[in-house]
Structure formats: C-alpha cells, structure tokens
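Encoded as structure tokens, the structure appears first; notes follow it.
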Amino acid sequence: MKPYDFGSIERKWRKSWEKEKLFEVKQSAFSSPRSKNKYILDMFPYPSGDGLHVGHVEGYTASDIISRYYRMRGFNVLHPIGWDAFGLPAENYAIKNKVHPEIVVKKNISNFTRQLKDLGFSYDWSRQVNTTDPNYYKWTQWIFLQLFKEGLAYEKEMPVNWCPKDKTVLSDEESENGICDRCGTKVERKNLKQWMLKITAYADKLLDGLDGLNWPERVKTMQRNWIGKSEGARINFKIQNTKYEIPVFTTRPDTIFGATYLVVAPEHPIISKLKDKVKNSKEVGKYSEVSRNKSDQERVSEGKEKTGVGLEGIYAVNPSNGKKIPVWTADYVLPYYGTGAIMAVPAHDQRDRDFAVKFNLPIVPVISPDGKITVDEEVYEGDGILVNSGKFDGKNNRDATPLMIDFVKGKSEVQFKLRDWIFSRQRYWGEPIPLVFCEHCKSDAKLNKPSLKFSKGELLNPGWIIVPESELPLKLPKVKNYEPTGTLQSPLAEVKSWVNTICPRCGGPAKRETNTMPQWAGSCWYYLRYIDSKNKNKIIDSKKEKSFMPVDVYIGGVEHAVLHLLYARFWHKFLYDKKVVRDSEPFTRLVNQGLILGSDGEKMSKSRGNVVNPDETVKKFGADSLRMYEMFLGPIEDPKPWNEKGIIGNWRFLNRIWIYYQAQFSKQPKRQSEDISEFERLFHQTLKKVTEDIETLHFNTAISSLMILFKDMERLSSVPKKYASDFIAMLSVFAPFISEEIWRNVMGNKKSVMFSAWPKADEKKARQESITIAVQINGRTRGTISAKKGSSKEDLLKAILSDTGLKSYVEGKAIKRVVFVPDKIINVLL
RNA sequence: GCCGAGGUGGCGGAACUGGCAGACGCGCAGGACUCAAAAUCCUGUGGCCGCAAGGUCAUGCGGGUUCGACCCCCGCCCUCGGCACCA
C-alpha cells in the first residue's frame, strides 16, 4: 500500500490542472443570465516581499471552497485574482535595496503566484489584473478624468497630514490617530496644494446604501460613524458694532437661550478681520498661530484640557434673547467641521461646560428634566422641559426645536464628518494624474467663454487641462532616481523631459501634474476589470458587466472597513451615475475573515517571532492539511490562535481517508456484510449539513461532520461505491489534491472530481425513524428513552414506567403534570 | 466616554426556534504493536463525592421569567475591535 505522499500528489495535480485550464470561466458565461453565474471575490493581495501569510490562506481557502462548491452545483463561477502593486511598501523596499520597484513587484508577484498555486486555489489565472500595468492603470486614469470632468476633483491648498518618513501626504483614512498607518511615524501638519476627490458629494448615498447590504454589522457601523451624519441648524450671530456675522452649526438649536458665549476655531477668518478691534489681538494672534501648526492629534492629545483666548472687546448677540455674549477662540473647535464656529451651551454640553468652568463663563440651564430650574453640578444632555427660554418656557424641547430655529431665523442643515479624499501623493510609485497645467488656458478658463467648451473640472481648476483619453495610459516615466525628494514634490518633478509638455488644448507649453495617485485608486475598481480584463476599447463591456456584477461574496480583512471599501463604493456609485455599471453597490455580501493570531494569542509579527510561514506548513503537512486546518480552527469571522499541534489532527484525517480508499479499491470489492440503513441515514444527514454549512460559511462544522461520517464508513466492512464517491466529492472542495488523486487514480474516474455534480441529499433516507428522547423528572434530566418518531405522550409514559433506570423516579408517585414536546423531550412533574 | 462583538473543559471550538451542555479536533492518561522509540490503532478524559450504580456542582458574576435558560429580561464585571473635542 502506498503511503500518503502529499508532496508528489499535490505537485502532480497542480501541473495537471494548470495544463487543463480547468478554472477558466467559459465564454458563454458572459452572455448567460446573472442567475446562472456566481462571482466569488477575494481582496487581491499586495505582493509584499514577505510572501503570503496564513491570514491570506484563511480567506482565500474560504472563497476557494465556495467557488468549487458552486462550480459543482453547475454555476459559472468567476473566481479571479490579481495584484495591488502600487504603493509605498514596494517603493520603500526598492529604495532600501536599490532595485527598481517594477522589478521588486515582478519578483514578488511570481513568488505569490507560486504560493497560491501550491495551495490549490482555483483561480482563473487568465484574467489576472495588475494595478501597475499601464493597460490597467489606463482605466484608473480614465475614471479620474471622468471624475474631474464632472467637477468631482479639485485642487486645494490646505493643512494636510504629512508623514516625514514616507515624505508624502496621507488621507484622513490613512492617518490613524495621527500615526502613519504604513510606517508608524507621527504625522505632521503641513499646508500643501492637493488634489481632492469630492467623496462628500456622495455622503448621503454612501450612508443610505449600507442598509441593504449583507455585510458584517460592525463594518457598516464603522462606515456610518466615519460618514458621521448630524442633523441640526445653521444660525447667524451678529457681532456687535461691526458688519460681521458668525454662522454656527448646532445639533441643539433647542438650547440656544443657554448659549452664553461663542467659540471660533483658531483658523477662523473672522480673527484676522477683527484684528484691529480686538484689544488683545497680539495674544489672540499668537494662540491662533500656535494652534494652526499643531496636528489634529496634538490638539487633542493634551489630556483634553481646554485652552483658548477671549477676543477682548468683541461681543456677539444671541439671536434668541438679544443678550451680548463674549467671543472666544479655542482649538477644541475644528476649522473644517460645520462652520468652524460654535455657540457654546455650557449647561448642556460637556465640552462647553469644561471650557466655561475653566474660564469662568456663565452657565445658564435651559432644559430641565422636571421643569424646575436647578443649576446642577453635572451637565444635562438629555431631553426635558424648556426653561429660561422666553416664550418657549414649559414646552418640550424636541417639539419646540423647529419653532426655535424659525424664531432665530436659522436654517435646518445636515453636516457630515466625512471629508473629501486627499488624492495626491508626493511619491514615484503610483498612477500619474493625467492633467497638465497651462498658463495660457488658465486665463481662458477664468473668462469661461462657452465657445471654448471647458469641462466642469477645467473651470473649477483654472489652468488644469485634461490629457485626452486617446493619450491614455499616461505612462509613469522610467527614472533612475525615484527616492522621495522631501521637497514636498514628487520625484517626477525632477524629470524635466516628462514634466514639460504641450498643452493638448492650445498647443502651448504646459507642465504635467507630478503628484501620483494614492494606492487605493487601483483597488477601487479592480473587481470590474476581471470581468473584461483584456478589453482595449472600454473599461468594461456593459453586457459582460451585467452577467457577473454585483459580486456575490467578497472576502477579506476588516482593516479595509473605511479605506478600500468606502473608496470603492464611492467610485462604484459614480460609475453607476455614469451608467458604466448596472448596480449602485458593488459587493452584495461581505465577509471578514478573523485574524489568525500567533500560538501565544497575540497578533503575528516579526518582532514577536510568532509568524507562521505557510510554505513551511505546506512542506510539512501538505496544502490539503493546511487548508483543512485553517477552516477547522473555528468560525471564519472569529480571531483564532494558531496551534502548532492542531494541524496534525487534520493530517491524520486525510491519512486515514487515503488508507481507507486504497484498501477499498485496490482489491476485489468487499462484500457488504451488514445492514447499512443507519449509515445511509447518517450519510444523507451529513450531506445536507455540509451543503448548508458551505452556503452559510460554517466550514468548521462541515469538516467535523465529515469526520463523523468517515468514522462510520471505517466501521463498516464496505460502503456502496456511490457513497464512497459522494464522500470524495464533498471532501474535494476542502482538500482538492487528495480528492482528485483518489477520484481519478484510486477510484478510476476519467474526469476531474471538480466537474462531478455536487451530490443531492435524499430527504427520505435522511429522516430518522427511531429517536432518542430526553426524559426529565421535575425539570431535571434523568435519562433517555428511544422511541419511534412521533410517539405519543402516553406511549412515552408507558416506556418510562418500564425503563429500569427511570421507573424508580416515578413509581408510586402521583403525576401532577406532563410537559411534552413531540420528538424532543418529556418532562414529568410529580 | 460612546458604538459594536464576545465571555462554554487544560486548549481551539460544538449546541438548529428555549429542550440530553461540552459534538469534532488538539492535548493528556492508560493499553495494543515494537528489543526499544517514533508513527499508527484502541479505550478513557468538565469539577467534586463514590469501588460502583449513582449523586452533586457547572456555560464571567448576581437576580428574574419558565416545567425547562449557554440561549430571553434586569443589574454588574471582564476581554477584544472601532470611534473619540465632529458642536
């Protein structure tokens, strides 16, 4: 008997599958109705130098199981893979090791490819995409141009997050609590001119779209919080003895009578406008200056201890009661949210109260839970009865809110926390932004003659002219020096031959934009390109798009909850408005695989030395065992610690299967010597369970029921060939290599197990005739009796009285009551 | 502080709609095979009492609802993840 030599089995089938091209989607699928097709998508990897880690293996195995399952069910399955290869890690590695990023990426991709093939993932390799391939980023640039033409891209000088180590700006999403999410360096604040994408124009749609998605609740919550919708009102406060008004945004207009002072952000334009009227303008100017140079993080980090300066001699008028109230500036008011100014109601807002207490400002309660006026020690942020509020006294605050907004001539307004997406990076390794700057056209654009037919983007950004679509892709020039300059400019700015160009509009001299796009650009739409990866004329053929979009199952890590997944939804919604895609949401169902932790229960990291290398595990136990093990560990969405020893159990299982099939199929078929009806029942029950478990992604319990079923197969002298085959068919989605070897070589099938039909459970045979019923006496389980399905209460009571173990409990006692749930339980109360 | 998820043996985890808690696997103990070991196979394995039959306690803690609660309700504690001066 041959031992289970997984190494040579896996090698053999890997080659064979590749040659047979078994996983390529049939052309006919692209004209099939959507209901015949399934789109099973992985978050494509960033091909780092470290290679695949066990977390990739987890998600990719799950999607592979689903793909194989649906193929066997007769669906056309699109299960593609590609490379998210622009961005900082490749570039930083390239700089450190003095190799061009293009070469680094190529090398890493070939290593990743080898690893993915080793694991037997059933990707359609013919549709690979690579975000750094000009044939791909041509369309990334094309989408940018469409956004620009619609006026959704604009250039703006503003304070931004700057990573001094990576020498580039970061988006808000990439700056985690003031720390660069790539390298962990503290982010600085810089004023820079940046390309911005108007994601805020889609804030409402991005929020509303979440409701219909089958996504993990926490991801939806994270996106909702990030978008951060607040409903409130905009109210103007006049500045006494000046022509100025300060608008504020508040979510609590009902508390306006309690607004005892006004606070503006240190960046607020009113500060310079009032410079001559403020008595302490020097002090105010200094405070404003210092705050301006602090990063957001620094503004918060100082223990939330409030700081601020009063604008001496300046008073605003509270429009509700005409009282004059002082105006302050403080950095707890942020310049970019709302109007950059607030009305402070210290009685009903914790932050305002902290500030008022520190600077001795008046606190006037205007809402009382019981209608009595009490000055509490604590802030009261709840609802109640209005007091100190003029003609609104005695009213419920919620009811009065709209009336009060009218009374002070305010306007209802909605605000979002979401800010526009900072879209330029001062780095080399990214998509060039396809715009040129032309001085001549700048003046034309400012004049805005209709005859010149400027696009919205060109009018919005005078001087910036689009590179015509026919000139795309605008290729990233090959350079020797791609290190970041540190001059706040991209290394591309040094490439004079590339920068200096001709304006496509007027033919005069022009300069190219030298910043590049952020890493997220390429991953915003890659799932579309898979469907039509070789189309030279269009981003995607719309008929093909309809045959596979939206994605049925999307699997990947939760770390992309507000980055990739928000950006991709934004672009998709834009493409929906442009009628490029049919649906307003790209991913119907999202699954986040849980982190695989080190055996110490901590996150895997090089510094902890607890990283598991899948290559080594494959070498030791085989890809099938690794796949099985990772799926068996626990629910796909939970974080799970790796256990060095656990994998042996899955290897043993496969080894036993190997031995069993060798024995069953090598000699004369064994005679069936026993009754197999119990086995048949178990078989069909298992088949039903495995089928359901795959559809609900409960792979751990699917594998455990296969183990139970197999134990029963081993118990019998033999099982009919039909069952032996169906068992391997079920196993094949989890452990494809050993299954294929048994299927073709041990059992002698000609065609691949992957194209055998998924077996169908026989409900009749799965039904259990005799069942075990729990017997409780006075609510305590005292034993079980087996009975026919559907037995009556009376029959069961009779059975209890004749059961040696149970009758002693009941005998000679009066039965008060019997609780009976058919086929489940009988509870006798004495 | 706010939002979300969760807490079950030595470990990873099962438990369907409120109905035999601990499936399956690891580990551990004992046994078989072996000169021996590894591998493999078999048996046992939540705690406590008991030779045993059996009893009793047990799903973070404290209450409640129910014939019956890991599951539902109320109040705590803890862990993980996210957000965090957003007016």
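Values below: all heavy atoms of this structure, side chains included; hydrogens, waters and symmetry mates excluded. To find a chain, count down the sequence lines: A is the first, B the second, and so on, and within it residues start at 1.
- In this structure, the side chain of A:Arg569 engages the main chain of A:Leu206 through a donor-acceptor pair within 3.5 Å.
- Of the candidates B:C85, B:A87, B:G12, B:G12 carries the atom nearest the A:Leu633 side chain, counting heavy atoms from C-beta on.
- Comparing B:A87, B:G82, B:G13 against the side chain of A:Asn700 picks out B:G13 as the nearest.
- Distance A:Leu709 CG to B:G25 P: 13 Å, rounded to the nearest Å.
- Comparing the P positions of B:G68 and B:G75 gives an interatomic distance of 23 Å, to the nearest angstrom.
- The glycosidic torsion of B:G46 lies more than 90° away from 0, placing the base in the anti range.
- Ring orientation note: the planes of A:Tyr261 and A:Phe355 are close to parallel, at an angle under 30° on the 30°/60° scale.
- Listed candidates were B:C20, B:C26, B:G82. Nearest to the side chain of A:Met222 is B:G82.
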With Watson-Crick and G-U wobble geometry limited to distances under 3.5 Å, how should the secondary structure of RNA chain B be encoded in dot-bracket form, using | for bases paired to another strand and [ ] for crossing pairs? (((((((..(((......[....)))((((((.......))))))((((....))))..(((((..]....))))))))))))....
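- Contact of the A:Thr686 side chain with the A:Lys689 side chain is not registered, since no non-hydrogen atoms from C-beta on lie closer than 4.5 Å.
- Spacing of P atoms, B:A38 relative to B:G27, comes out at 13 Å, to the nearest Å.
- Atom P of nucleotide B:A87 and atom CD1 of A:Ile256 are separated by 16 Å, given to the nearest angstrom.
- Side-chain N/O atoms of A:Tyr332 and A:Asp352 include a donor and acceptor closer than 3.5 Å.
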Reading 5' to 3' through nucleotides 4-10 of chain B, protein heavy-atom contacts under 4.0 Å coded B for base, S for sugar-phosphate only, - for none: S------
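- Using a 4.0 Å heavy-atom cutoff across all strands shown, A:Val558 reaches no nucleic acid atom at all.
- Atom C1' of B:G64 sits at a distance of 31 Å from the matching atom of B:C49, rounded to the whole Å.
- For residues 634-642 of chain A, proximity to RNA chain B is found at A:Pro635, A:Pro639, A:Pro641, defined as any non-hydrogen atom under 4.0 angstrom from a strand atom.
- In this structure, the side chains of A:Gln662 and A:Lys2 come closer than 4.5 Å at one or more pairs of heavy atoms.
- Judged by distance alone, the side chain of A:Tyr336 and the main-chain N or O of A:Thr339 form no donor-acceptor pair under 3.5 Å.
- Using a 30° and 60° split on the angle between ring planes, A:Phe734 and A:Phe699 fall in the perpendicular class, above 60°.
- One P atom belongs to B:G46, the other to B:A52, and the distance between them is 14 Å to the nearest Å.
- Remark: A:Trp226 CH2 to A:Phe416 CZ distance equals 15.5 Å, nearest 0.5 Å.
- Taking the six-membered ring where the residue is Trp, A:Phe683 and A:Phe679 present tilted rings, their angle falling between 30° and 60°.
- The residue among A:Pro335 and A:Gly649 whose nearest nucleotide of RNA chain B is located toward the 5' end is A:Gly649.
- Note: CD1 (A:Ile235) to C1' (B:A87) measures 12 Å, nearest angstrom.
- In this structure, A:Glu381 atom CD and B:C2 atom C1' are separated by 11 Å, rounded to whole Å.
- The separation between A:Met628 atom CE and B:G13 atom P is 19 Å, rounded to whole Å.
- Base engagement by A:Thr772 is indicated by at least one non-hydrogen atom pair under 4.0 Å involving a base atom.
- For B:G62 and B:G54, the P atoms lie 30 Å apart once the distance is rounded to whole Å.
- Taking atom P on both B:C71 and B:G19, the two are 11 Å apart, rounded to the nearest angstrom.
- A:Thr701 and A:Asp693 share a donor-acceptor pair across their side chains, judged by distance under 3.5 Å alone.
- Side-chain N/O atoms of A:Ser625 and A:Asn650 include no donor and acceptor closer than 3.5 Å.
- Side-chain contact annotation: A:Glu413 with A:Gln415, donor-acceptor N/O pair under 3.5 Å present.
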Dump the pairs, protein N or O against N or O of nucleotides 53-57 of chain B, anything under 3.5 Å, distances to one decimal.
from, atom 1, to, atom 2, distance (Å)
B:G55, OP1, A:Arg782, NH1, 3.2
B:G55, OP1, A:Tyr809, OH, 2.2
B:U56, OP2, A:Arg782, NH1, 3.2
B:C57, OP2, A:Arg780, NH2, 3.0

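- At whole-Å resolution of the value, NE2 in A:His560 and C1' in B:G81 are 16 Å apart.
- One interatomic measurement links the two molecules: CZ of A:Phe699 to C1' of B:C24, which rounds to 17 Å at whole-angstrom precision.
- Rounded to the nearest Å, the gap between the P atom of B:G4 and that of B:U56 is 42 Å.
- Taking for each of A:Lys824 and A:Asn650 the nucleotide of RNA chain B with the nearest heavy atom, the 5'-most of the two is the partner of A:Lys824.
- With hydrogens and angles ignored, the 3.5 Å screen pairs no side-chain donor or acceptor of A:Lys688 with any backbone N or O of A:Ala766.
- In the displayed structure, A:Lys220 atom NZ is contacted under 6.0 Å by more than 12 heavy atoms of other residues, nucleotides or ligands.
- Within the 4.5 Å cutoff, side-chain heavy atoms of A:Phe621 are placed close to those of A:Ile648.
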Got a list of protein N/O to nucleotides 37-46 of chain B N/O distances below 3.5 Å?
from, atom 1, to, atom 2, distance (Å)
B:U40, OP1, A:Arg652, NE, 3.3

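- For A:Trp642 and A:Tyr629, the distance between ring centers is under 6.0 angstrom.
- Proximity of a side-chain donor or acceptor of A:Thr784 to a complementary backbone N or O of A:Thr772 within less than 3.5 Å is not detected.
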What's touching nucleotides 63-73 of chain B from the protein side, N or O pairs under 3.5 Å?
from, atom 1, to, atom 2, distance (Å)
B:C67, O2', A:Asn827, ND2, 3.1
B:C67, O2, A:Asn827, ND2, 2.4

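- As judged by a 4.0 angstrom heavy-atom cut-off over every strand, A:Lys417 is placed among the base-contacting residues.
- B:A87 atom P lies 14 Å from atom CG of A:Asp254, rounded to whole Å.
- Comparing the C1' positions of B:C42 and B:C35 gives a spacing of 23 Å, expressed to the nearest Å.
- Looking at A:Lys645, its side chain has no donor and acceptor atom pair within 3.5 Å of the base of B:C11.
- Nearest approach of A:Asp823 to A:Ser791, heavy atoms of both residues: OD1-N, 4.2 Å.
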Would you check, one step at a time, whether the test side chain to side chain donor-acceptor pair (under 3.5 Å) holds for A:Thr200 with A:Asp420? CA-CA 6 Å; A:Thr200 52; A:Asp420 280 339; 2.6 Å; yes
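- Between the A:Asp331 side chain and the A:Ser291 main chain, no donor and acceptor come within less than 3.5 Å of each other.
- A heavy-atom distance below 4.5 Å is not found between the side chains of A:Val828 and A:Gln776.
- When heavy atoms are screened at a 4.0 angstrom cut-off, A:Thr781 is found touching the sugar-phosphate backbone but no base atom.
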